[in-house]
Amino acid sequence: MSSFPAQQQQNDAAEPDLTAPADGGDPRDGAAIVSRSLLAGLFREARPKQWIKNVLVLTAPLASGTITHRQTLGPVAVAFVAFCLAASAVYYANDALDVEADRAHPTKRNRPIAAGIIPLRLAWVCVLVLSAASLAVAMIDNAGTVAVIAVYLVMHLAYSAWFKHVLVLDLALVASGFLLRAMIGGVAAGIPLSQWFLLTTGFASLFMVAGKRYSELELMGEDAAVTRRALAGYTPSYLRFIWQTMVGLTILTYSLWAFDLGLTDRGVRWHELSIVPWAFVFLRYAMFVDAGQAGEPEDVVLGDRVIMGIGLAWLVLFALGVFVNGH
């Protein structure tokens, strides 16, 4: 944060005057182009593709069987919007703080802030506006929802500013974002959260984060520390140990949760059957991690038809356990 003025001056000095048309035409045409480019950049910097992570707010309502209830859908929809705004605020802050490192990254240099499309000063204004908007939206639900959003903002803004360089803690803080997403659906709708649900979500989150860092390390090699300083302190074998341990714990805790839910199943044990596709989804995803191709988890999940197919099979079996057996 203390380097903000210097960064701003450097960013401004590096930006060309895009408002002047190259062919000497009407300057207003150039200004209109810049305006459209800026608006597109602001939208892209919010990373709407990343909002798919926020569907985790639906997990608690799904597990409780109340996802189709009107009194559940309303609060959960509000929580989803609040989390999208809060996450976008964090993305803006993270990219504003990492602007120089991102410019040395083969893909991150194309992000609007690193590319100079969005001035740093405007980026910080967006952080404040999006943070305030997320808390305002969360207030529509209840105090618990506001508290979860506030905790998320504090933890992840602190991560972006300071703790991303603290080994292990950086992994835990990023993983907590996924856990908070899963929790907020239950908090917003007043649904009790199972300890197995929380453990499974927590271990799965740490698996995804460790896999992402492992892939970044494999992709960048010796240059990894240039774009993410904490990677200088990690070795591939250590990150491999973490994600392999976490995938095992994720499958184990989900299995225990499924067996617990299956105790009251009548007829077909749908919950227990759902263990099979659940395990294979993570084993399939682990292939991409092992190959160093899981740097963008949402691209892996949405881009692999096998994962999508197995995931759909899991969802069907779990839903049958919830709704057919009356949970």
Side-chain angles (χ1 to χ4, degrees), residues 51-81 83-84 141-142 144-145 148 178-208 246-286 297-298 300-327:
W51 294 346
I52 189 174
K53 299 174 183 177
N54 298 329
V55 299
L56 284 171
V57 304
L58 301 175
T59 52
L62 172 63
S64 67
T66 63
I67 194 170
T68 57
H69 298 179
R70 182 178 299 177
Q71 62 268 32
T72 297
L73 283 177
V76 170
V78 170
F80 176 84
V81 174
F83 233 111
C84 288
D141 275 347
N142 52 44
T145 304
V148 173
F178 293 97
L179 182 59
L180 290 171
R181 285 174 170 88
M183 289 176 58
I184 199 170
V187 172
I191 300 169
L193 299 173
S194 161
Q195 68 270 28
W196 293 121
F197 169 79
L198 295 174
L199 283 171
T200 299
T201 305
F203 289 139
S205 302
L206 196 49
F207 161 67
M208 300 288 280
M246 291 305 109
V247 74
L249 288 172
T250 300
I251 295 172
L252 174 62
T253 52
Y254 179 81
S255 299
L256 292 172
W257 183 31
F259 284 125
D260 187 48
L261 292 171
L263 291 176
T264 55
D265 280 354
R266 300 182 297 274
V268 180
R269 316 274 295 219
W270 298 112
H271 284 111
E272 294 174 19
L273 287 174
S274 73
I275 295 172
V276 177
W278 177 266
F280 277 101
V281 162
F282 281 88
L283 293 178
R284 174 75 180 183
Y285 186 89
E298 64 281 355
V300 174
V301 173
L302 296 177
D304 186 69
R305 293 182 178 180
V306 176
I307 288 180
M308 294 290 285
I310 300 174
L312 179 61
W314 167 79
L315 181 61
V316 169
L317 290 173
F318 190 85
L320 286 171
V322 170
F323 297 106
V324 172
N325 292 310
H327 289 289

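Positions are given from 1 along the sequence. Values below: all heavy atoms of this structure, side chains included; hydrogens, waters and symmetry mates excluded.
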Hey, could you give me the [atom1]/[atom2] distance between [X] and [Y], rounded to the nearest 0.5 Å?
{"X": "Thr253", "Y": "Asp260", "atom1": "OG1", "atom2": "CG", "result": "12.5 Å"}
{"X": "Met308", "Y": "Arg284", "atom1": "CE", "atom2": "CZ", "result": "13.0 Å"}
{"X": "Trp314", "Y": "Ile307", "atom1": "CH2", "atom2": "CD1", "result": "14.0 Å"}
{"X": "Phe203", "Y": "Ile251", "atom1": "CZ", "atom2": "CD1", "result": "13.0 Å"}
{"X": "Phe197", "Y": "Leu179", "atom1": "CZ", "atom2": "CG", "result": "8.0 Å"}
{"X": "Leu56", "Y": "Ser205", "atom1": "CG", "atom2": "OG", "result": "7.0 Å"}

Practice task
Take Val324 and Leu320, measure what side-chain contact (heavy atoms from CB on, under 4.5 Å) needs, and give me the verdict at the end.
Solution key: CA-CA 5 Å; Val324 172; Leu320 286 171; 3.6 Å; yes
Mind listing the closest non-hydrogen atom pair of [X] and [Y] along with its distance?
{"X": "Gly185", "Y": "Ala60", "answer": "C-CB, 4.4 Å"}
{"X": "Pro277", "Y": "Ile310", "answer": "O-CG2, 3.3 Å"}
{"X": "Lys53", "Y": "Glu298", "answer": "CE-OE1, 3.9 Å"}
{"X": "Ser64", "Y": "Val322", "answer": "C-CG1, 4.4 Å"}

Show which side-chain atoms of residues 70-80 pair as donor or acceptor with protein atoms under 3.5 Å away, not counting sequence neighbours.
residue	atom	partner	partner atom	Å
Thr72	OG1	Thr66	O	3.3

Problem - Derivation and outcome, ring-ring contact (aromatic ring centres under 6.0 Å, His included), residues Phe323 and Trp270 - result: CA-CA 10 Å; Phe323 297 106; Trp270 298 112; over 10 Å; no
Identify every side-chain donor-acceptor pair in residues 187-196 under 3.5 Å, counting partners at least two apart or on other chains, and give the distances.
residue	atom	partner	partner atom	Å
Ser194	OG	Trp196	N	3.1

Exercise for the section: Would you check if Ile184 and Thr145 make a side-chain contact, meaning some heavy-atom pair closer than 4.5 Å? Expected result: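 A side-chain contact under 4.5 Å exists here.
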Practice task
Classify the ring geometry between Phe318 and His271 as parallel (under 30°), tilted (30 to 60°) or perpendicular (over 60°).
Solution key: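 Taking His271 first and then Phe318, their aromatic rings stand perpendicular (interplane angle over 60°).
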Exercise for the section: Over 60° means perpendicular and under 30° means parallel, so classify the ring planes of Tyr254 and Trp278, tilted if in between. Expected result: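 The rings of Trp278 and Tyr254 lie parallel, inter-plane angle below 30°.
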Problem - Side-chain donor/acceptor of Thr201 to backbone N/O of Leu198, under 3.5 Å - result: no
